[in-house]
**Student:** 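Submitted below is the structure of interest, expressed as C-alpha cells.
Both backbone and side-chain heavy atoms feed into the values below; hydrogens, waters and symmetry mates do not. Within every chain, numbering begins at 1; the chains are lettered A, B, ... in the order of the sequence lines, protein sequences first and strands thereafter.
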2 protein chains.
Amino acid sequence: MDYRLDRDTSNCSIARTLEVVGEKWTILILREVWYGSSRFSDFERVLGCPRNLLAARLRMLVEEGILATETYKEPGSRSRPKYVITPKGVDLVPAVMGLLQWGDRYRADPEGPAVLARHRGCGAHVDAQIRCERGHAVQAEDIESVPGPAFRMRPAG
Amino acid sequence: MDYRLDRDTSNCSIARTLEVVGEKWTILILREVWYGSSRFSDFERVLGCPRNLLAARLRMLVEEGILATETYKEPGSRSRPKYVITPKGVDLVPAVMGLLQWGDRYRADPEGPAVLARHRGCGAHVDAQIRCERGHAVQAEDIESVPGPAFRMRPAG
DNA sequence: CTGCTGAGTATAGAAAAGTAAACTCAGGTG
DNA sequence: CACCTGAGTTTACTTTTCTATACTCAGCAG
C-alpha cells in the first residue's frame, strides 16, 4: 500500500470536473456563451457541431446548473429558449482562462492570439495566476498537495 | 457576416489546448506526475487505465514537450524510462488548478476535498485567480474579449 | 540458457462518442 | 390552410475508446 499509488482517486476534484466539462464541445460551448452566443442556432453556426450532440451537451449543462434557459422572442416569431450562464458556470472561468493562456503561449499563430482578454476599464491583459489565500503569487513548484478530509485509500485487491 | 458568429474559430487557443490535453486520461496522467508518479507501472496502477492508451498518451505528451523521458535504475535491474514534467508542462498548472478548484467547490464529498493544495512554507490554501497585468484581481464579468492579431473571419460559404 | 520483471506492442470484441442527414413539431405569416 | 423557421429528435453509419488477454524484448539472477 503506497500512499500515492494506492489512494482512491474516484473522488478527485479534477476527475469530477472533467466528468462534467471533459466531453468534446462542452468547453467550446461555454467559450461561445462567454463571447455572447445564447441561441441553439448560434452555437450550431459558430461551432459547426452536430445538432444531436449540441442538444445533448446543452441539456447536460442546464441539468448541471452551469447554464440556465430563458426565453427570447423575435418580433413575428414565437418565444424560443436561449441559454445563459449561471454563477456556477462563471466559476469555470479560471480553468478556461488557464487553457486559453497555455494555448496563447504554445500554440498561437505566428502573429499572436486570435482573441485578447483585457481588464475592462483598466485595459491591461488578463490571465490566470496561482495565488495563496494570503495573496502571495505562487510558483507551481511551491504548491504542496496534502491529503484532505475526504482522502482515502483504495480498497485492497 | 456577424462578428461573433462568423469568425474563424480554428485558431482558438482554448480549442488548440484541448487538442493536446482534451483526451480522456491525459490530464489525469499529468495530475499523477504532479503527485509524484513517474513510471509506466505507477500510472497504470493508480489510474487503472488500459496499457495501450497509457502508452499512446505518454508518447503524445512527450512529443508535445509536456513530459520528457529520463532513465532510472533500480539496483539489480536494467535502466528503464521514467517520465518527468517539463516547463511547458508546468505551465498547464493554472488550468488544472482551475478544474480542481471548481470540483472542490461543486463536486466534493460532504467531508470536503480529497486533496488540499497549500503554499509550501506559508501553508495557506492555494487557488487559481484571474488577475490583470497591473495586479488587480479581476471578476469574470470584467473580462473583455477583443479580437487579437490573428483574428479572422471564416471564409464565406 | 532459463526464468523473471518492467515496459511496452498487438489484437480482438464491445461500448461510447462523433457525424450526417432526414424527420418532427409549434406557432406565426401570406 | 399551406408554408416557413428555430429548435430540436431519430436513425444510420463511422470512428474512437475501453477492456482484456496474449505476446515481445532487454537485461539481470540463478
**Student:** Just by modelled atom types, is the S10(A) backbone N or O under 3.5 Å from a matching donor or acceptor in the R154(A) side chain?
**Tutor:**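 No, because the side chain of R154(A) does not come within donor-acceptor range (under 3.5 Å) of the backbone of S10(A).
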**Student:** Do the side-chain N or O atoms of K24(A) get closer than 4.0 angstrom to the phosphate oxygens (OP1, OP2) of dA17(C)?
**Tutor:**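 For dA17(C), OP1/OP2 do not have a side-chain N/O of K24(A) under 4.0 Å.
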**Student:** For a quick test of reading the model: is some side-chain N or O of Y83(A) closer than 4.0 Å to OP1 or OP2 of dA7(D)?
**Tutor:**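 So the side-chain polar atoms of Y83(A) never come under 4.0 Å of the phosphate oxygens OP1 or OP2 of dA7(D).
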**Student:** In the hydrophobic cluster built from side-chain contacts under 4.5 Å, what are the other members alongside L116(A)?
**Tutor:**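 V146(B), all in the cluster of L116(A).
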**Student:** Please work out whether the ring planes of F151(B) and Y3(B) are parallel, tilted or perpendicular, with thresholds of 30° and 60°.
**Tutor:**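 Parallel, since the angle between the ring planes stays under 30°.
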**Student:** Can you measure L54(A) atom CG to dT10(D) atom P for me and round it to whole angstrom units?
**Tutor:**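 Taking atom P of dT10(D) as the reference, CG of L54(A) is at 16 Å.
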**Student:** Stems involving DNA chain D: give each as a range paired with a range, ordered by first number, where a stem means at least three consecutive Watson-Crick or G-U wobble pairs under 3.5 Å.
**Tutor:**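 Expected stems, ordered by start: C:1-30 with D:1-30.
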**Student:** Polar atoms only, N or O, under 3.5 Å: list the protein pairs with nucleotides 11-13 of chain C and their distances.
**Tutor:**
residue : atom : partner : partner atom : Å
dT11(C) : O4   : N52(B)  : ND2          : 3.3

**Student:** Salt bridge check, R45(A) against E32(A): does any charged N sit closer than 4.0 Å to a carboxylate O?
**Tutor:**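 A salt bridge is absent here (no side-chain N lies under 4.0 Å from a carboxylate O).
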**Student:** Do any N or O atoms from the side chain of Q129(A) and from the backbone of A137(A) form a donor-acceptor pair under 3.5 angstrom?
**Tutor:**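 It does not hold such a pair.
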**Student:** Could you walk me through whether T9(B) and R31(A) pass side-chain contact (heavy atoms from CB on, under 4.5 Å), step by step?
**Tutor:** CA-CA 11 Å; T9(B) 56; R31(A) 177 191 73 191; 3.7 Å; yes
**Student:** Any side-chain to backbone donor/acceptor pair from R7(A) onto R4(A)? Under 3.5 Å, distance only.
**Tutor:**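 Yes: the side chain of R7(A) pairs with the backbone of R4(A).
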**Student:** What integer distance in Å separates R51(B):CZ from dT5(C):P?
**Tutor:**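 These atoms are roughly 14 Å apart.
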**Student:** Is there a residue in residues 25-47 of chain A whose heavy atoms reach under 4.0 Å of DNA chain D, and which residues are they?
**Tutor:**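 Nucleic-acid contacts, sorted: R39(A), F40(A), S41(A).
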**Student:** Do the side chains of D109(A) and R16(B) get nearer than 4.5 Å, heavy atoms only?
**Tutor:**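 Yes. Closest side-chain heavy atoms under 4.5 Å.
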**Student:** Any residue in residues 10-20 of chain B with a heavy atom nearer than 4.0 angstrom to DNA chain C? Just list them by number, or reply none.
**Tutor:**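 By residue number: none to list.
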**Student:** Under 3.5 Å, side chain of S38(A) to main-chain N/O of K82(A), donor-acceptor pair present?
**Tutor:**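 No, because the side chain of S38(A) does not come within donor-acceptor range (under 3.5 Å) of the backbone of K82(A).
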**Student:** Would the number of heavy atoms belonging to other residues, nucleotides or ligands and lying under 6.0 Å from CD of Q139(A) be above 12?
**Tutor:**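 Result for CD/Q139(A): open.
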**Student:** Within a 6.0 Å radius of atom CD on E144(A), are there more than 12 heavy atoms belonging to other residues, nucleotides or ligands?
**Tutor:**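 Count over threshold, so yes.
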**Student:** What do the steps show when you test I66(B) against T26(B) for side-chain contact (heavy atoms from CB on, under 4.5 Å), and what is the final call?
**Tutor:** CA-CA 11 Å; I66(B) 291 167; T26(B) 307; over 6 Å; no
**Student:** Which part of the nucleic acid, if any, lies within contact of L53(B), taking any heavy atom under 4.0 Å across all strands shown: a base, the sugar-phosphate backbone alone, or nothing?
**Tutor:**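 If one applies the 4.0 Å heavy-atom cut-off, L53(B) turns out to touch the sugar-phosphate alone, with no base involved.
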**Student:** Hey, does the side chain of R120(A) reach the backbone of E141(B) with a donor-acceptor pair shorter than 3.5 angstrom?
**Tutor:**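 Present.
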**Student:** Hey, mind stepping through M60(A) and E23(A) against side-chain contact (heavy atoms from CB on, under 4.5 Å) and telling me if it holds?
**Tutor:** CA-CA 11 Å; M60(A) 195 269 289; E23(A) 285 163 310; 3.7 Å; yes
**Student:** Counting only heavy atoms and a strict 4.0 angstrom limit, can you tell me which residues of residues 56-82 of chain A come near DNA chain D?
**Tutor:**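 When residues 56-82 of chain A is checked for heavy atoms under 4.0 Å from DNA chain D, the hits, listed by number, are R59(A), Y72(A), R78(A), R80(A), P81(A).
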**Student:** Any donor and acceptor pair, going by atom type alone, linking the side chain of T86(A) with main-chain N or O of A68(A) inside 3.5 Å?
**Tutor:**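 No.
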